[in-house]
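Report on the following structure.
Each chain gets a letter, A, B and so on, in the order the sequences are listed, and its residues count up from 1.
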Number of protein chains: 2
Amino acid sequence: MPSSRSRIPEATVARLAVYLRVLTGLADGGRSNVSSGELASAAGVNPAGLRKDLSHLGPCGVRGVGYEVATLRDRIARVLGVERSRPCVLVGIGNLGTALADYAGFGSRGFRFVGLFDAAPDRVGRRIGGQPVRPMGELDEVVAATAATIGVIATPADVAQSVCDRLTAAGVRSILNFAPVALNAPAGVDVRQVDLSVELQVLAFLGQQRGATAAAALEAPTVEVTA
Amino acid sequence: MPSSRSRIPEATVARLAVYLRVLTGLADGGRSNVSSGELASAAGVNPAGLRKDLSHLGPCGVRGVGYEVATLRDRIARVLGVERSRPCVLVGIGNLGTALADYAGFGSRGFRFVGLFDAAPDRVGRRIGGQPVRPMGELDEVVAATAATIGVIATPADVAQSVCDRLTAAGVRSILNFAPVALNAPAGVDVRQVDLSVELQVLAFLGQQRGATAAAALEAPTVEVTA
DNA sequence: AACCGCTTGTGAACGCAGGAACAAAGTCGC
DNA sequence: GCGACTTTGTTCCTGCGTTCACAAGCGGTT
């Protein structure tokens, strides 16, 4: 078995996606070869860690030379399962949903939205990125027709759970949730949570801590001297 | 020192932000008391882990009873540094930037945008959420006047680094980056990266792996039977 | 006043991720 | 054809995060 010689840790999978992005950029720029050091620098990680990540795919570089850009890119894409474009459905076409539907980055990275859904009648029928917004009633039909296995939730928090239920009932097996609630999904369905304000709050904490330690250093430097 | 009796792990900080959200909801619903089990369930984490997270704040519950909702909420908010609203600036008012500027969740969670910036002349002057989009030239002035320490980058990838440079030069100390590139920031500046398509790619991998293991189970069941 | 049930807080063990150092292997130069 | 250099792949190790299990403490009850 060429792929998945062993279980790949999830942290590695997330970094592989980053490497794939960098490699795609390098390939588009005409580069054919790259070393682990350069790739790690562009991805913002440690070179040794990058090599360890790639070792999960089996040997894919040439010692003394480096990695072939196109080959490595294709292999990572195959392992991640984005060699072919994957159909996704998006529920909740508010500001964030519209931004997601319009985001070109998804299309160039192996994902395409095959259905945009919203419960509000005044949003249904609008066209976003060349696609119409559909009523929730068409969800089952579209998921079945397109074999979409990934659903994205960009609704308000209070309806996210019911949307999750409808998506899983329709056959979706993976859910990316932007609503700030923890979802309960049946076993066998993967849920990933993205909470934008959590990220900001972590930053606020780091910033406050930075200020606190700086203040403490100014406040009682003699203690450190005498200690 | 009541806060920071020891260094708080970053993973714990991220979960504290989630607890804070749940607690705020409980308090708004009139609840005055909650147990670690119920709180953990609402946050989607392990009860023991939740108690360990809270133990970093010092004792804040009553044995046999649970936690007082309002007290715990306020203590977490103080530790995270969001007791008072923090000023942020946002650069890049495309689809995503507009969604972020309009997102009410930030305001209710201790963050307010005090400046929206974009380089495109046709976007400058538009009003979003009651605020005008300003030209990049006003960045230094606004950061200085508002003492904003947090900057959010929602620009295309190719200009994100230069925006990062300008933000840090203006005095911003924490950056939340939505552009799919690794940023180089000077020491003392915290950068957090949110890559939306990485999340989708992790889901795609998990889904593919689920399919692969299921296929393997169908392919060679006799081996497991004979083994 | 003493007991009992419930819940918190903490200690220990396990597994995992990250980093540094080293050996293997291939290429370039002579 | 051979040696030296470069770069990968791997191994070890250290530290962190997570989970389980138990002791400590408080309120209600008899």
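- The pair B/Glu68-B/Arg75 does not meet the salt-bridge criterion, since no charged nitrogen lies less than 4.0 angstrom from a carboxylate oxygen.
- B/Leu50 has its CG atom 14 Å from the P atom of C/dT7, to the nearest Å.
- The only option from A/Leu176, A/Val152, A/Ile175 that meets the side chain to side chain contact (heavy atoms under 4.5 Å, CB included) definition with A/Arg192 turns out to be A/Leu176.
- C/dC16 atom C1' lies 11 Å from atom NE2 of A/His56, rounded to whole Å.
- Across the protein-nucleic acid pair, B/Asp53 atom CG and C/dT8 atom C1' stand 14 Å apart, rounded to whole Å.
- Applying the 4.0 Å criterion to OP1 and OP2 of C/dT7, one finds that B/Ser35 has every side-chain N and O outside that range.
- Side-chain N/O atoms of A/Arg15 include one lying less than 4.0 angstrom from OP1 or OP2 on C/dG18.
- Put simply, CG on A/Asn33 is 15 Å from P on C/dG26, counting in whole angstrom units.
- Each of B/Ser36 and A/Gly49 was matched to the nucleotide of DNA chain C holding its nearest heavy atom; the match closer to the 5' end belongs to B/Ser36.
- Salt bridge absent: B/Asp28 and B/Arg73 never bring a charged side-chain N and a carboxylate O closer than 4.0 Å.
- In the model, A/Asp53 has a side-chain atom that pairs as donor or acceptor with a side-chain atom of A/Tyr19 under 3.5 Å.
- With rounding to the nearest 0.5 angstrom, the OG atom of B/Ser197 is 11.5 Å from the CG atom of B/Leu203.
- Taking atom CG on A/Leu72 and atom P on D/dT8, their separation rounds to 11 Å, with Å as the unit.
- There is no side-chain donor-acceptor pair under 3.5 Å between A/Arg173 and A/Thr149.
- With hydrogens and angles ignored, no donor-acceptor pair under 3.5 angstrom links the side chain of B/Lys52 to the base of D/dG17.
- No side-chain donor-acceptor contact under 3.5 Å links B/Ser41 to the backbone of B/Gly37.
- Distance CG (A/Leu16) to P (C/dA17): 13 Å, rounded to an integer number of Å.
- The B/Asn46 side chain lies nearest to D/dC20 when the options are D/dT8, C/dG18, D/dC20.
- Nearest nucleotide to the B/Ser55 side chain, out of C/dT10, D/dG9, C/dT8: C/dT10.
- Residue-level contact check: A/Gly66 touches the backbone only, with heavy atoms under 4.0 Å from sugar-phosphate atoms and none from bases.
- Between the OH atom of A/Tyr67 and the P atom of C/dG26 there is a distance of 14 Å, rounded to whole Å.
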Discussion item. For nucleotides 21-30 of chain D, give me one character per nucleotide, 5' to 3': B if any protein heavy atom sits under 4.0 Å from the base, S if the only such contacts are to the sugar-phosphate, - if neither.
Written reply: B--BBBS---
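- Per the geometry, CG belonging to B/Leu54 stands 14 Å off P belonging to D/dT18, to the nearest Å.
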